[in-house]
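Quantities reported herein were computed from a predicted structural model and do not represent experimental measurements. Every heavy atom of this structure was used, including side-chain atoms; hydrogens, water molecules and symmetry mates were not.
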Amino acid sequence: MTTQQPRQICVIGAGVIGLSTAVNIIETIPDVEVTVIAERFSPNTTSDVAAGIWLPPDARAEHELGEDVQRIKKWCLDSRRHIQRLHNSEDAAAAGVQLISGFHLFEKPEYSHEAIYDKDLLFGYQMLTGTNRTPFPQFRNGSTFTTYIVECGIYLPWLMARFTSRGGHIIKQKVNSLEELVDRFDLVVTCVGLGAKPLLGDSSMVAVRGQLIKVKAPWCKNFVRVFGSPMEQTCAYIYPGINHVSLGGTNQENYCSEENDQQDIDRIWKNCISVIPALKNTESRYTAGLRPVRKRGVRLEPESFQYGQKSIKVVHNYGHGSYGVIVHWGCAIEATQLVARQLDSLKRSQIKSNFRWFYITREHIKNLMTSMDGIKAGAGIISGWHLFNDFDNSQEDSYDTKLFLNYQLHRDGGLFNYRHASFLTTYFLEGKKYLKYLTERFQKRGGKIIQGRVNSMEELVGKYDVVVTCVGLGAKTLLGDDSMVPIRGQVAKIHAPWMKHFLRTFTSKKQELDTYIYPGQEYVTIGGTRQEGDYNLASDDEDEKRIWTNACKLIPALKDCKPDFSLVGLRPCRKKGVRLETETMKLKNGTLKVVHNYGHSSAGIAPHWGCAQDATQLVKTCLQDTQLKSQL
């Protein structure tokens, strides 16, 4: 048997909807490879044209987003949370996210923005009427508030970098039919905007043209949007961004030209200068884009396509009109959930191996611990805490908690300066003692040991009936398995006999490293490095310093303990998952029956006895086949 190879996911489209969906999928769903295929990439997407201001939609938006108000609210809230987290992080400038304050202006009371669904999502929302006048005397009514602007010309490259840093693939190509993708991908996500009309035959897609003027006006700090004025267009807006100010106000349905229109440009200039005359002499450039409006509302749902004997699963995520930035992250979250369901690979299945292996191993360690050999074998039982600040982004719900004794989840507990914690009791094995114990147990039963290097499987032909490969990273050279990758880990060993509980932190950003403190029989092990592709077995002073600093933040009393020594190891990670299967190798000097059992990465001890039992069963099957053939 093998663990499932990575599922191949394709996201069509590289605008704000496509890239945010691709990022969510690759960061949330385990055991997948994600490829973005698009004809256009930034700076040539529709999203790049958008001004990018975040405004919760009002009742007038239902014709674009759909009639499910609660669903729309959730998309908005999830997107706003994401943007707020970004703004409050060190990535804000790199991602093009900023706070902006300003005004909505109305000539008539009936054009007031009381119809906004969630005004509380806007900071400091206040209506301006009567004595509390707007700063623009020609407008009688208005509102003022603070919100966010996401400048897509900066945000899209940032999303792309985030996606590719996690192993995402990029292909520039036009997809003319989903049939082209049937043999290459397990599932396709269509974030195709107006492309849904030719690609999917969706006749409800309508282009709504927007003309913009980008001006250099760094002195312009507040946004202004005008409703219900005597201007020729229903809306004019002035949105200051990071590098330029966007002037606009066109909504031209079924006008499919992306060329600049001089009449539109003149009208926008006239309308915006009537509000802020100082814009007249600014340096400017012009651009136009087509909003992908779907008359039936956003399409966010699964579908299957059949092409002869072949089929492909699809999740649609398109038709967001002018609200792409406003709902993008919320829609990406929902699309990712649909993808996970389609793949039968929900987040709770993040442990990629067979859970049965873990149960078998747990019982083996339990029996060992309660036997006379427990201490000799390095077996024990220990309690401790998993600590995390962001429960939604922790790995806590990837565990089968039935594997643990006395599992308790504490939200908002504030333990060790972390917001959430889980307390659990489990078993441990000290590798050095355990390997010595297994070696002695093996030899007592007549097992033979030869110390040497196997350079080729051909060396073993004729010597053994079955060969079992438990070779870890050696599979790359011995078996040509290019999916093997080292993940370097460095630990410090200290004497701290007063440490009775283990601690492990889970960060909300996957690129950050977890810190762990594991008391053993003799030493306390402190670690927290996962350096993929690094073959360096030498101890690194900076790694040791960081490990030590992080551990002392958790347990300040450790500062009085000095590391006795450091160790470095290479976890044998296999990108395709654990390989546990039989193979008949046809080599130059004969045929060799092989059982593979490798690629367990950092989970080696946790499933080892269960994997050994399955490997043993496969060996028995191979020997029975050999015996049967000899009898024939």
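Atom OG of Ser422 sits about 5.5 Å away from atom NE2 of His386, to the nearest 0.5 Å. Taken to the nearest 0.5 Å, the CZ atom of Arg81 stands 8.5 Å off from the CD1 atom of Ile333. Atom-to-atom distance recorded for Ile242:CD1 and Ile149:CD1 is 9.0 Å, nearest 0.5 angstrom. Taken to the nearest 0.5 Å, the CD1 atom of Ile326 stands 11.5 Å off from the CG atom of Leu121. The distance from the CD atom of Glu542 to the OG1 atom of Thr549 is 11.0 Å, given to the nearest 0.5 Å. The NE2 atom of His320 sits 4.0 Å away from the CD1 atom of Ile17 when rounded to the nearest 0.5 Å.
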Practice item. May I have the step-by-step check of side chain to side chain contact (heavy atoms under 4.5 Å, CB included) for Val491 and Ile526, ending in yes or no? Key: CA-CA 5 Å; Val491 300; Ile526 298 173; over 6 Å; no
Check your understanding: Run the salt bridge (Lys or Arg N to Asp or Glu O under 4.0 Å) check on Arg294 and Asp202 step by step: do they pass?
Key -> CA-CA 9 Å; Arg294 187 170 185 264; Asp202 191 336; 2.8 Å; yes
Practice item. Output, in order, the C-alpha distance, side-chain angles, deciding distance and verdict of side chain to side chain contact (heavy atoms under 4.5 Å, CB included) for Val188 and Ile12. Key: CA-CA 7 Å; Val188 173; Ile12 309 176; 3.6 Å; yes
**Study point:** Audit row: Val189, Val339, side chain to side chain contact (heavy atoms under 4.5 Å, CB included) steps and yes/no
**Key:** CA-CA 8 Å; Val189 186; Val339 168; 3.7 Å; yes
Exercise for review: Just do the side chain to side chain contact (heavy atoms under 4.5 Å, CB included) check on Leu478 and Met457 with the steps written out, would you?
Suggested key: CA-CA 7 Å; Leu478 182 63; Met457 297 296 284; 3.8 Å; yes
Practice item. Could you go through the salt bridge (Lys or Arg N to Asp or Glu O under 4.0 Å) check for Lys295 and Glu253 one step at a time? Key: CA-CA 11 Å; Lys295 291 296 187 179; Glu253 190 170 313; 2.9 Å; yes
**Study point:** salt bridge (Lys or Arg N to Asp or Glu O under 4.0 Å) between Lys575 and Glu532, worked out
**Key:** CA-CA 11 Å; Lys575 292 294 188 179; Glu532 187 170 320; 2.8 Å; yes
Practice item. Determine, stepwise, if the pair Arg579 / Glu581 fulfils salt bridge (Lys or Arg N to Asp or Glu O under 4.0 Å). Key: CA-CA 6 Å; Arg579 189 179 187 190; Glu581 63 180 357; 2.6 Å; yes
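Looking at Asn317 and Thr21, their side chains do bring a donor and an acceptor atom within 3.5 Å of each other. A donor-acceptor pair shorter than 3.5 Å can be found between the side chains of Ser42 and Asp48. The closest side-chain donor-acceptor pair between Asn536 and Gln531, if any, does not fall under 3.5 angstrom. With 3.5 Å as the limit, one finds no donor-acceptor pair spanning the side chains of Gln211 and Thr250. Side-chain atoms of Thr287 and Lys214 include no donor-acceptor pair closer than 3.5 Å.
By the 30° and 60° cut-offs, the orientation of the rings of Trp329 relative to His82 is parallel. Ring geometry for Phe305 against His316 counts as perpendicular: the plane angle is over 60°, on a 0 to 90° scale with 30° as the lower cut.
Counting only heavy atoms from C-beta outward, the side chains of Ser539 and Gln490 approach each other to under 4.5 Å. Contact check for Ile312 versus Val314: side-chain heavy atoms found under the 4.5 Å cut-off. Taking the side chain as every heavy atom from C-beta outward, His244 and Arg285 approach each other to under 4.5 Å. When side chains are defined from C-beta on, Arg162 counts as touching Glu27, because their heavy atoms get closer than 4.5 Å. Counting only heavy atoms from C-beta outward, the side chains of Cys611 and Trp357 approach each other to under 4.5 Å. In this structure, Met205 and Val293 have side chains that are not in contact, with every pair of non-hydrogen atoms separated by 4.5 Å or more. With a 4.5 Å cut-off on side-chain heavy atoms, Leu99 and His87 count as touching. Using a 4.5 Å heavy-atom cutoff, the side chains of Met484 and Pro572 are in contact.
Between Glu180 and Lys174 no salt bridge is recorded (no basic side-chain N to carboxylate O distance below 4.0 Å). In summary, Arg7 and Asp31 do not engage in a salt bridge, as defined by a charged side-chain N under 4.0 Å from a carboxylate O. Between Asp543 and Arg488 there is a salt bridge, since at least one side-chain N of the basic residue sits less than 4.0 Å from a carboxylate O of the acidic one. One finds a salt bridge joining Glu258 and Arg40 here, because a Lys/Arg side-chain nitrogen approaches an Asp/Glu carboxylate oxygen to under 4.0 Å. Salt bridge Lys74/Glu334: absent, no basic N to carboxylate O contact under 4.0 Å. A salt bridge does not link Lys476 to Asp482: none of the charged nitrogens lies less than 4.0 Å from a carboxylate oxygen. At a threshold of 4.0 Å, the pair Arg299-Glu301 counts as salt-bridged, since one of the basic side-chain nitrogens sits closer than that to a carboxylate oxygen. A salt bridge between Lys545 and Asp541 is absent, with no side-chain N of the basic residue lying under 4.0 Å from a carboxylate O of the acidic one.
A pairwise comparison of heavy atoms in Val327 and Cys76 identifies CG1-SG, 3.9 Å as the closest pair. The shortest heavy-atom contact between Thr46 and Pro292 is CG2-CD, 4.5 Å. Of all the heavy atoms in Ser602 and Arg530, the pair that sits closest is OG-NH1, 3.6 Å. Minimum interatomic distance between Pro607 and Gly604 (heavy atoms only, all atoms of both residues): CD-O, 3.2 Å. The shortest non-hydrogen separation linking Gly96 to Ile154 is N-CG2, 3.5 Å. Closest approach of Ile83 to Val325, counting heavy atoms only: CD1-O, 4.5 Å.
At least one donor-acceptor pair under 3.5 Å links the side chain of Lys313 to the backbone N or O of Gln342. A donor-acceptor contact shorter than 3.5 Å is absent between the side chain of Thr505 and the backbone of Leu387. Side chain of Asp91 to backbone of Ala94: no donor-acceptor contact under 3.5 angstrom is found. Between the side chain of Asp186 and the main chain of Gln8, a donor-acceptor pair closer than 3.5 Å is present. Checking side-chain atoms of Thr45 against main-chain N and O of Phe41 turns up no donor-acceptor pair under 3.5 Å. When atom types are taken as modelled, the side chain of Ser456 and the backbone of Glu458 share a donor-acceptor pair closer than 3.5 angstrom.
A ring-ring contact (aromatic ring centres under 6.0 Å, His included) with His328 holds for exactly one of Tyr155, Trp54, Tyr318, Tyr323; it is Tyr155. Exactly one residue among Ser601, Pro486, Ser483 makes a side-chain contact (heavy atoms from CB on, under 4.5 Å) with Cys573. That residue is Ser601.
Residue pairs meeting the ring pair (Phe, Tyr, Trp, His ring centres under 6.0 Å) criterion with at least one member in residues 162-196, sequence neighbours excluded, do not occur.
Applying the 6.0 Å contact sphere to CD of Glu259 captures no more than 12 heavy atoms from other residues, nucleotides or ligands.
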